Asker: 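Here you go, one structure.
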Amino acid sequence: MFQVNDLLDFKQKALQWASSFDVFCCLDSNNFNDQYTRFDLLLAVGVKYEIQINTSSAFDALENFRAKHPGWMTGFFTYDLKNEVENLTSNNTDQLHFPDLYFFVPEHLILIDGDKVEIISSNPQHIIDSILSQENQKNYSQNTIRLQSRFTKAEYIDTVVKIKEHIARGDIYVTNFCQEFFAEDAMIDPLTTYLKLNSISPNPFGAFFKLRDKYILCASPERFLAKRGNKLISQPIKGTSKRYDDVENDQISKEKLKSHPKELQENVMIVDLVRNDLTKSAKPGTVKTEELFGIYSFAQVHQMISTVVCELRDDITDVRAIKNTFPMGSMTGAPKVSSMKLMEQYERSERGAYSGAIGYFGPDGDFDFNVVIRTLLYNASDKYLSFQVGGAITYHAEPENEYEECLLKAQAILEVLGQQFIN
């Protein structure tokens, strides 16, 4: 166990040190603490063992991999594993080429809690010395990023109108409709970009994942699924309002969110969906809504978050519990399968890592995974940079407002990329 005085400096140096490896995963709670938070930061570096799946049976393969390696493990699930969970397909464009699933057992693991640093490695002193000897990285001069969109504003609005027609017919009740913004021939420094994103938008489920030439730079406020003992916890977000510098206006925005019929409707529909998903893994009668319509404030937005819990059945493995709830209800809709089919029809990009999950399995049997939103994805070899934003479409959704909400959710990413708005 080591003690550090300047935690921010240590985190940056640790990430600089980790960046020299082909693979690493950083999970940062950014000093947000709830009753289920286990540490301030986890940094898994270097590959001892790994599993990468691009075909079917990904969950079965991970089940076997986990049985062989019951210690610390980090990785990600992409949204398109939906095709394995249900009879679905993904036929939209994918320019990022992430694997469907990737997990690794790290050579070195660093856990930070307060000012205490624990290093699990063959030579912890060497690791700490290597980190502390890092020189602070000079400011990277980023090339101009030319963002494009798969939808014009008019096309987006027209598509929302069409989706609402499905809702009026009763095909679905609520769905999450996503659009991609992207840049080709984009050159960024992933570490500098992540540090800037995390500084502008520090959220409780931040993550920085390097898989050789592919990067996930994530500023997520949302927990997908965690396990503590035999308890499963899911915390879907549905409901967003803008933050204001002016205290009075900020409070008004918060109060409006708390009582807005459309936002409450969105949230309760997804809570019902999450409750239904959890029953597949729960001991009978243990699924409970621990908090309904909680309002939480982050740097750019206020969010409505509910907490649903259950006791895990003894015959359900950790991997099975995740599969039973995947993809997360807040990024799909209700009914779940119908919503996913419909969004495959109306969206123009494969979601890939976006609206998937990043997290860890621990040696004590606990796990914690986020929802990959408010996230930049980058393929350095192809110089392709991408982010997606989505919003819940209900019967009462106003198409123009939904478009504006997408831009609000993208605010931090746009700032990081030096973009004021998107045409």
Side-chain angles (χ1 to χ4, degrees), residues 78-80 90 92-98 142-160 163 175-190 192-194 196-198 200-201 203 206-209 214-222 237 240 242 299-301 330-331 343-356 358 371-393 399-423:
T78 67
Y79 172 79
D80 295 283
S90 296
N92 289 319
T93 185
D94 170 28
Q95 303 297 319
L96 286 158
H97 311 303
F98 278 75
Q142 184 176 284
N143 291 353
T144 301
I145 302 294
R146 293 181 178 83
L147 275 181
Q148 302 175 64
S149 174
R150 298 284 172 200
F151 290 84
T152 65
K153 182 177 178 179
E155 287 171 338
Y156 176 90
I157 287 171
D158 182 55
T159 306
V160 171
I163 292 169
T175 193
N176 194 291
F177 172 48
C178 302
Q179 59 173 323
E180 182 192 18
F181 298 95
F182 64 97
E184 296 169 319
D185 200 28
M187 294 181 67
I188 65 166
D189 177 65
T192 304
T193 307
Y194 170 74
K196 191 172 180 185
L197 176 63
N198 198 51
I200 291 169
S201 189
N203 282 323
F208 184 20
F209 206 111
K214 297 174 184 67
Y215 296 84
I216 305 173
L217 289 62
C218 178
S220 175
E222 184 172 2
I237 290 180
T240 304
K242 188 176 179 178
Q300 281 77 32
V301 292
S330 61
M331 297 306 294
M343 290 310 94
E344 184 65 31
Q345 178 184 328
Y346 284 112
E347 291 175 5
R348 296 179 179 177
S349 309
E350 191 172 295
R351 292 194 193 177
Y354 174 74
S355 71
I358 300 174
V371 178
V372 179
I373 52 176
R374 323 284 159 85
T375 294
L376 273 167
L377 301 171
Y378 184 50
N379 183 317
S381 295
D382 295 341
K383 298 179 184 174
Y384 188 85
L385 182 68
S386 166
F387 68 93
Q388 295 198 41
V389 282
I393 311 302
E400 178 91 24
N401 292 349
E402 294 304 320
Y403 187 82
E404 293 305 320
E405 185 178 305
C406 282
L407 295 190
L408 175 61
K409 290 172 177 174
Q411 185 180 330
I413 290 174
L414 294 173
E415 189 176 335
V416 167
L417 298 178
Q419 308 278 326
Q420 294 302 311
F421 60 88
I422 302 168
N423 290 316

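Computed from a prediction, not measured in an experiment: that's the story for all the values here.
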Asker: Looking at Leu217, Val389, Val301, which hits side-chain contact (heavy atoms from CB on, under 4.5 Å) with Arg374?
Answerer: Val301
Asker: Between Glu222 and Ile237, is there a donor-acceptor pair closer than 3.5 Å when you use the side chain of the first and the backbone of the second?
Answerer: yes
Asker: Among Arg348, Gln179, Arg150, exactly one meets side chain to side chain donor-acceptor pair (under 3.5 Å) together with Glu155. Which residue is that?
Answerer: Arg348
Asker: Taking the side chain from Asp80 and the backbone from Gly352, do they hold a donor-acceptor pair closer than 3.5 Å?
Answerer: yes
Asker: Is a side-chain N or O of Asn198 found less than 3.5 angstrom from the main chain of Gly206, in a donor-acceptor match?
Answerer: no
Asker: Indicate yes or no for a side-chain donor-acceptor contact from Thr375 to the backbone of Ile373 under 3.5 Å, with no hydrogens or angles considered.
Answerer: yes
Asker: Considering only heavy atoms from C-beta outward, does the side chain of Ile413 approach that of Phe181 to under 4.5 Å?
Answerer: no
Asker: Which heavy atom of Ser90 sits nearest a heavy atom of Glu344, and at what distance?
Answerer: CA-OE2, 3.3 Å
Asker: For the side chain of Ser386 and the backbone of Leu377, is there at least one donor-acceptor N/O pair under 3.5 Å apart?
Answerer: no
Asker: For the side chain of Glu415 and the backbone of Lys196, is there at least one donor-acceptor N/O pair under 3.5 Å apart?
Answerer: no
Asker: Between Gln411 (side chain) and Lys242 (backbone), is there a donor-acceptor pair under 3.5 Å?
Answerer: no
Asker: So, the side chain of Asn176 versus the backbone of Met331: is there a donor-acceptor pair under 3.5 Å, distance only?
Answerer: no
Asker: Indicate yes or no for a side-chain donor-acceptor contact from Gln388 to the backbone of Glu350 under 3.5 Å, with no hydrogens or angles considered.
Answerer: yes
Asker: For Phe177 versus Phe151, what's the shortest heavy-atom pair and its separation?
Answerer: CZ-CZ, 3.7 Å
Asker: Determine whether Ile393 and Glu402 make a side-chain contact, defined as any pair of heavy atoms from C-beta on separated by less than 4.5 Å.
Answerer: yes
Asker: Under 3.5 Å, is there a donor-acceptor pair between the Asn203 and Ser201 side chains?
Answerer: yes
Asker: Please check: side-chain N/O of Tyr384 versus main-chain N/O of His97, any donor-acceptor pairing under 3.5 Å?
Answerer: no
Asker: Would you say that Tyr156 contacts Ser149 through its side chain, given a criterion of any heavy-atom pair below 4.5 Å between the two side chains?
Answerer: no
